[in-house]
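Values in this document were obtained by computation on a predicted structure and should not be read as measured data. Chain identifiers are assigned alphabetically (A, B, ...) following the order of the sequence lines, protein sequences preceding nucleic acid strands; residue numbering begins at 1 within each chain.
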Amino acid sequence: MERVNFQVIEKKWQDIFSKKGKLENKDGKKFYCLEMFPYPSGRIHMGHVRNYTIGDVIARYKYLKGFNVLHPMGWDAFGLPAENASKTNNLHPKEWTNKNIEIMKNQLKLLGLSINWEHEISTCSKEYYKHQQSLFIDFYKNGLVSRKETYVNWDPVEKTVLANEQVINGRGWRSNALVQRKKLSQWFFNITKFSNELLNDLSELKGWPEKVKLMQKNWIGKSFGCELEFKLIDDKSKINVFTTRPDTLFGASFLALSVDHPLSKNFLKDNNFTKFKESCNSTGTTEEALANAEKIGFNTKLFVEHPFLKDKKLPVYFANFVLMDYGTGAIFGCPAHDQRDYEFAKKYNLEILKVVSDGKNSDELTEAYTGAGKIINSDFLNNLEVEQAKKIIIDKIENKKIGKRKTLFRLKDWGISRQRYWGCPIPMIYLEDGSVVPVEKSELPIELPDDIDLNSSGNPLESHPSWKNTIQKSTGKKATRETDTLDTFVDSSWYFLRFCSPKDLSAPFDQKDINYWMPVDQYIGGIEHAILHLLYSRFFTKAINKFDKKLNLSEPFKNLFTQGMVCHESYKDQGGNWLYPDEVEKIENKKVVKKIDKSPVSIGPPESMSKSKKNTVDPEKMIKQFGADSVRWFILSDSPPEKDIQWSDVGVNSANKFLQKIWNINILITKRRSVNANTDIEEDFVRQINSFAFKIENSIEKFRFNVAIAHFYELFNLLKDCLENEISNKIFKDNLIKVMKLLMPFTPHLSNECLEILNCKNPNKWPLIEKNLLVDDIKLAIQINGRTRDIINVKKDLDKDAILKSVSNNSKTKKYLEDKKIIKTIFVKNRIINYIIKE
RNA sequence: GCCCUCGUGGUGAAAUUGGUAGACACAAAGGACUUAAAAUCCUUGCCCUUUUGGGAGUGCCAGUUCGAGUCUGGCCGAGGGCACCA
């Protein structure tokens, strides 16, 4: 068997790709194919391989189909790891990052990706962040930036502020340290100004997974209800509450306020209250345990009037389960119909009055009833359904001028200040009179200083001896710079725009380029970015669209695909140390031992590859061993791309074997002896190849690469079986060329090499699929009482009578039908014929 | 707790969307070639039957239908999102 040296042909074609790697079809329709750009951590991992291979298949396929394709790549290059690495390696973040970029770029080239490298960008270059600062100033001038003093999530290990979404179960997403509450003045993007658009436009995104849209919808969290005021009996001052259940107002038995509610000022001198407040804060606001924690309250001894029941007085509490940053920081409690209120009422012996009938006769409840039902015990609302009652009572409340309809969102403004060095400086200055103003655009970029001491604690820019001292350009007044840098999510919220005009010095992007390339036709990345990155990018697009009317773009990503993770089992030696897969070997009975001393190793379940568990496989090593085409082939073949895949060395090895087979067939054809052709056999051959081409094209369009690959296996089994058949060399070769072109998006090196050998003049053109050849014999199942008894070959599209005639004498079904009465015959064209008989 | 998704051989998975369940591959067992191994090729895969055949079968239990992996209801299990959002 002929064998190909993958190292040799892959090098050869990669050199050619990098010389003329553009997927350019000047007359074709544009296609912008984008994969989420990587963080330059040092080396690429299998997750990148999967992500970029999927993208490459799409980019190459669209190019072959005649599209003018943009397929760029860049680097999400700011971020904390560079600072950490610089501390351990004594290497400046800039040098560390640029070195990593160099390495990873070469690794990506080894995969044979069709990337427009002339569009390459790096977010840490001043050519990029200059424009980001300019956009920030635009946002500021358009009222989309604000400064707020708020409680923030403070990570005590990283000494920085975390966004809500960077807090996972009360811990920092990187450091895993318990997050504390701290009050700081911070910059915010006013993403909440776009809450409605971000929610409503999800329905426009037909090419997005439902799952991602649902996650965003829940994250934005729109709810309808009303605001309503209660009067304190003492001094008639008012407390505003928000509720989505105004229909349960007659079941209210208390008011509960957040400990940060303005009214708390009156209690700060009360030791019992401050103690209570501390105990509320100590648990943190986001910890999971808190959701299940006991509801506790502080009785103010104050009472409010019930707005519709003059004689009813409700006690006012501070309660640990009421949040200040949602609604008004105050609620009314209706214990019968809200589980939290129920628990609270049980603890403090408050009234539990049913106002929605749960269909049971008893007044006793063991938990809150939140279902539908008729309103009871509620004066003018009695006998109404919940939804009707809501409407009517809100009307009443509005008429009485004690409240109004209100829609609330869970989404909060996006805190973007970070107390770090390796990020984009925020282009704001503080004047001595206390005012805070943006720098002038002509001063951009505000560059990061290179001479920095990263070993000092806190914010390195803050402790730099001179960097923050400056003057306001227009007035010459003394000023100090903002020393916080931007959250790195800002960097990735507009990079897809920059890719369209990466070299434009004067503006973030060129209108013409954006109008041509945007929106991204296919965006591909991990599901972990389902909410934040995608929501922020949508926000940026909408915000820029608002103040830049020429943009004419409401959504950045037309189609989205989220691929699954790459998993591997993990290994631990007897001492409990993690081991890399290549430190162990498999012996009999699926047991695993350590290579160096043959000591037993315990095997963990397959999990997403991570450095901490050492269950990683180095892509470069795999490419060196099996070739890039084999690695690409395997990572696409084993599972549907949206599902997790389990990495297997054996799997890549067998991918390699199959690609060798393809090569071998290619060689055999070039040496094939001439045969006497038989027209019928040739036609059948051509039709079968055409049918596979059709199926493969369909599978690619639907992102079903594993199915496409299964068809390639069938296809090559067919080619091999037909090698000796009465098919002319010309027909055989023409069809092999067709097949090699189909293969091009998957294994570009091998395909190009084979096509060159076959002397193909137009390798970069997708083969034509001939629809008229798809008419074929089909297999039709003959069923008796729904049970398949035989399968016959018939011409396509035959009608019922013709089929009945041809199966009337069928030997396999005859015996079932003899002496039986056929009650009914069900016929589905090209599928089945089903006899219903009486037993 | 609320919301969502998914349960198909030893394994990864197919199934034209209600019409042949297990395509295609991996692994395994047996065989061929070989002095041997590697590589390559062939065969097998639940139950009954020597074969021909027949039966059961897509997490479990019901239902709709001529026909259910696919639709409906209930249960069991796995994964994901949100987390006191009033």
Taking atom C1' in both B:C75 and B:G31, what distance in whole Å separates the two?
-> 48 Å
B:G22: syn or anti, per glycosidic angle within 90° of 0 | anti
When the distance from CG of A:Asn706 to P of B:A23 is rounded to whole Å, what number comes out?
-> 15 Å
For B:A86, does OP1 or OP2 lie under 4.0 Å from any side-chain N or O of A:Ser223?
-> yes
What nucleotide, of B:C82, B:A86, B:A15, holds the atom closest to the side chain of A:Ile531?
-> B:C82
So, is A:Lys661 near the phosphate of B:C41, with a side-chain N or O under 4.0 Å from OP1 or OP2?
-> yes
Hey, does A:Glu210 reach any base, or is it just sugar-phosphate, or nothing, if we go heavy atoms under 4.0 Å?
-> nothing
Whichever of A:Asp644 and A:Asn218 has its nearest RNA chain B nucleotide further upstream toward 5' | A:Asn218
Roughly how far apart, to the nearest Å, are B:U72 and B:G18 at atom P?
-> 11 Å
Mind checking the P distance from B:G22 to B:G55? Whole angstroms is fine.
-> 16 Å
Would you mind reading off the distance between A:Lys695 atom NZ and B:U16 atom P, rounded to a whole angstrom?
-> 12 Å
Quote, to the nearest angstrom, the P distance that separates B:U16 from B:C71.
-> 12 Å
Could you work out the separation of B:C60 and B:C76 based on their C1' atoms and round it to a whole Å?
-> 7 Å
Partner nucleotide of B:A13 by Watson-Crick or wobble geometry (both distances under 3.5 Å) = none
Checking A:Phe332, A:Phe298, A:Phe344, A:Phe276 against A:Tyr317 for ring-ring contact (aromatic ring centres under 6.0 Å, His included), the one that qualifies is A:Phe344
Specify the separation, in whole Å, of atom CG of A:Leu715 and atom P of B:A23.
-> 18 Å
Compare side-chain N and O positions of A:Tyr326 against OP1 and OP2 of B:A86 and report whether any pair is under 4.0 Å apart.
-> yes
Please check the phosphate of B:C3 (OP1 and OP2 only) for any side-chain N or O of A:Arg410 closer than 4.0 Å.
-> no
Can you check the A:Phe224 CZ to B:A86 P distance for me, whole Å?
-> 12 Å
To the nearest angstrom, the NZ-P distance between A:Lys643 and B:U5 comes to 16 Å
Which part of the nucleic acid does A:Ile826 contact within heavy-atom distance under 4.0 Å: base, sugar-phosphate only, or nothing?
-> base
Per A:Glu714 side chain, nearest of listed nucleotides B:C24, B:C42, B:C84 | B:C24
Ion pair present between A:Lys390 and A:Glu387, side-chain N to carboxylate O less than 4.0 angstrom?
-> yes
When the nearest nucleotide of RNA chain B is assigned to A:Met215 and to A:Gly221 on a heavy-atom basis, which residue is associated with the more 5' position?
-> A:Met215
Which nucleotide sits closest to the side chain of A:Arg831: B:C66, B:C26, B:U16?
-> B:U16
Atom CG of A:Asp638 and atom P of B:A27: how far apart are they, to the nearest Å?
-> 11 Å
If you look at every strand shown and take non-hydrogen atoms under 4.0 Å, does A:Val828 touch a base, only sugar-phosphate, or nothing?
-> base
Re B:C71: Watson-Crick or G-U wobble partner, both distances kept under 3.5 Å, found to be B:G63
Might you confirm whether atom NZ of A:Lys613 has over 12 heavy atoms from other residues, nucleotides or ligands at distances under 6.0 Å?
-> no
Distance between P atoms of B:A15 and B:A62 (Å, rounded) = 29 Å
To the nearest Å, how far apart are A:Lys657 NZ and B:U40 C1'?
-> 10 Å
Which nucleotide in B:G12, B:C24, B:G81 has an atom nearest any side-chain atom of A:Tyr713 | B:C24
Distance, C1' atom - from B:A29 to B:A13, rounded to whole angstrom | 22 Å
Ranking B:G19, B:A14, B:C85 by distance to the side chain of A:Gln783, first place goes to B:G19
Tell me what A:Ala781 touches on the nucleic acid: a base, only sugar-phosphate, or nothing, going by heavy atoms under 4.0 Å.
-> sugar-phosphate
From the options A:Tyr713, A:Trp663, A:Phe746, select the one residue that forms a ring-ring contact (aromatic ring centres under 6.0 Å, His included) with A:Phe658.
-> A:Tyr713
Have a look at A:Val322 and say if it touches a base, only the backbone sugar-phosphate, or nothing, with a 4.0 Å heavy-atom cut-off.
-> base
Indicate whether the side chain of A:Asn706 and that of A:Ser637 have a donor and an acceptor atom separated by less than 3.5 Å.
-> no
Using a 90° cut-off around 0 for syn, call B:U51 syn or anti.
-> anti
Phosphate OP1/OP2 of B:G19 contacted by A:Asn834 side-chain N/O (<4.0 Å) | no
Of all the nucleotides listed (B:C84, B:C42, B:A13), which has the minimum atom distance to the side chain of A:Lys720?
-> B:C42
Short side-chain N/O contact from A:Ser639 to OP1 or OP2 of B:A13, under 4.0 Å = yes
Counter-base of B:A27, judged by Watson-Crick or G-U geometry with both distances under 3.5 Å | none
Donor-acceptor contact present, side-chain A:Lys213 to main-chain A:Leu205, <3.5 Å = yes
Rounded distance in Å - CZ (A:Phe705) to P (B:A14) | 13 Å
By the Watson-Crick or G-U definition, both distances under 3.5 Å, B:C6 is matched with B:G77
So does A:Asn717 get a side-chain nitrogen or oxygen closer than 4.0 Å to the phosphate oxygens (OP1/OP2) of B:A25?
-> yes
Give a yes/no on whether any side-chain N or O of A:Arg3 is located under 4.0 angstrom from OP1 or OP2 of B:U40.
-> no
Taking NZ, NE, NH1 and NH2 as the nitrogens, is one of them in A:Lys277 or A:Asp260 under 4.0 Å from a carboxylate oxygen of the other?
-> yes
